[in-house]
Amino acid sequence: MRILLIEDDIRLVESIKSFLQASAFIVEACHDGISGGFLIREGGFDAVVLDLGLPEKNGLAVLQEIRAEQVAVPVLILTARDSWQERVDGLKAGADDYLGKPFHLEELQARLEVLIRRNYGHVSQKLELNGVSLDLDTQIAIAESGELHALTGIEFRLLRCLLMNPGKLMSKTLISEQVYEEEHLRDSNVIEVYVNRLRQRFGKQFIRNRRGQGYYLAEQEREL
């Protein structure tokens with residue numbers, strides 16, 4: 001899950017970023033409305049956390065502009081706790097949720113997970129396909145045989161990415177954006193190594209590929 005955090009409080013940014021990264025989120029941050037609007041339009045994010053009180057251009061203006069351009073990424077706005085009018089204005093402008101400052105980081109994470117799951121059409125904390133399930137809370141995968149697998153951080157993010165997009169062909173570049181932290185070298189060739197690790201656990205046919213294009217999960221036909 002790749003998050004864009006647009007917030008001008010540097011200490012808060014570092015706190016949010018560190019917390020979400022520890023929970024297997026990929027987080028990119030910027031500190032003003034103009035830069036934030038540019039990054040949103042570039043795309044590739046599963047959700048945006050948007051402070052309304054930004055320099056250069058306020059968050060409400062950014063939100064109104066991207067919605068007018070039909071940019072549909074889920075947006076959670078951060079507002080002053082006592083400013084009910086800000087919350088109303090943000091929701092009317094197209095925000096999907098809001099959180100008043102100060103807030104608990106655990107609540108921010110939970111709200112983001114709900115927004116992203118809903119956007120991908122999932123309602124529970126467990127992703128399942130072809131007998132393989134992944135618990136997003138524990139980050140433990142269960143094979144069709146019932147065997148439990150504790151995954152590394154990259155394995156978890158890779159499996160989560162594929163299960164959130166069943167049937168969708170995912171290029172190595174697109175997968176790498178969901179797997180690597182922004183400050184790390186995104187070597188798309190390493191993706192193949194982690195794909196093979198998951199295949200060893202869940203079967204060679206679990207993750208399929210099209211040469212030169214990418215990887216995908218296809219629902220298996222069951223015998224009647």
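Note that the numbering runs from 1 along the sequence shown for the chain.
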Pairing of Lys57 and Glu65 as salt bridge, 4.0 angstrom limit: yes

Transitive ILVMFWY side-chain link Val62 to Val13, under 4.5 Å: no

Note: Arg67-Asp96 ion pair, threshold 4.0 Å (strictly below): yes

Qualifying residue, where the test is side-chain hydrogen bond (donor to acceptor under 3.5 Å, both in side chains) with Glu107 and the options are Gln109, Arg111, His104: Arg111

Any Ile6 side-chain heavy atom under 4.5 Å of Val49 side chain: no

Short side-chain donor-acceptor distance under 3.5 Å, Tyr120 and Asp46: yes

Salt bridge flag under 4.0 Å for residues Lys126 and Asp135: no

Shortest non-hydrogen separation from Leu60 to Ala93 and the atoms involved: CD1-CB, 3.7 Å

Nearest non-hydrogen partners of Arg157 and Val179, listed with the distance: NE-O, 2.7 Å

Inter-residue atom distance Asp9.CG - Ser15.OG, 0.5 Å rounding: 9.5 Å

Pair Lys101 + Glu7, salt bridge at N-O below 4.0 Å: yes

Closest non-hydrogen atom pair between Gln139 and Leu134, with its separation: C-CD1, 4.3 Å

Within-4.5 Å side-chain heavy-atom neighbours: Phe25 and Lys17: no

Side-chain heavy atoms of Leu162 within contact of Tyr216, under 4.5 Å: no

Nearest-0.5 Å distance that lies between atom CG in Asn119 and atom CE in Met164: 8.0 Å

Asn165 (side chain) donor-acceptor with Lys168 (main chain) under 3.5 angstrom: no

Heavy-atom closest pair, residues Ile116 and Ala47: CG1-CB, 3.9 Å

Heavy-atom side-chain contact between Glu144 and Phe206 under 4.5 Å: no

Cluster link Leu4 to Leu174, ILVMFWY, side chain under 4.5 Å: no

Distance-only donor-acceptor check, side chains Arg160 and Gln178, under 3.5 Å: no

From Asp51 atom CG to Thr79 atom OG1, the distance as rounded to the nearest 0.5 Å: 9.0 Å

Shared hydrophobic cluster, Val48 / Ile16 (ILVMFWY, side-chain heavy atoms < 4.5 Å): no

No-hydrogen, no-angle side-chain donor-acceptor test under 3.5 Å, Gln200 and Asn196: no

Nearest-0.5 Å distance, SG of residue Cys161 to CG of residue Leu163: 9.5 Å

Close side-chain approach of Tyr98 to Leu91, heavy-atom, < 4.5 Å: yes

Spacing of CZ belonging to Phe38 relative to SG belonging to Cys30, to within rounding of 0.5 Å: 11.0 Å

Residue pair Ile26 / Glu177: nearest heavy atoms and the distance that separates them: CG2-O, 3.9 Å

Side-chain heavy atoms of Leu63 within contact of Ile66, under 4.5 Å: yes

Transitive ILVMFWY side-chain link Val27 to Val114, under 4.5 Å: no

Linked, directly or transitively: Leu99 and Leu12 (ILVMFWY side chains, under 4.5 Å): yes

Minimal non-hydrogen separation, Gly59 against Leu50, with atom names: O-CD2, 3.4 Å

Min side-chain heavy-atom separation Phe45-Ile40 under 4.5 Å: no

Full working for side-chain contact (heavy atoms from CB on, under 4.5 Å) between Leu108 and Leu76: CA-CA 9 Å; Leu108 173 64; Leu76 183 150; 4.0 Å; yes

Side-chain ion pair, Arg201 and Glu147, N-O less than 4.0 Å: no

Arg117 vs Gln125 side-chain heavy atoms within contact, under 4.5 Å: yes

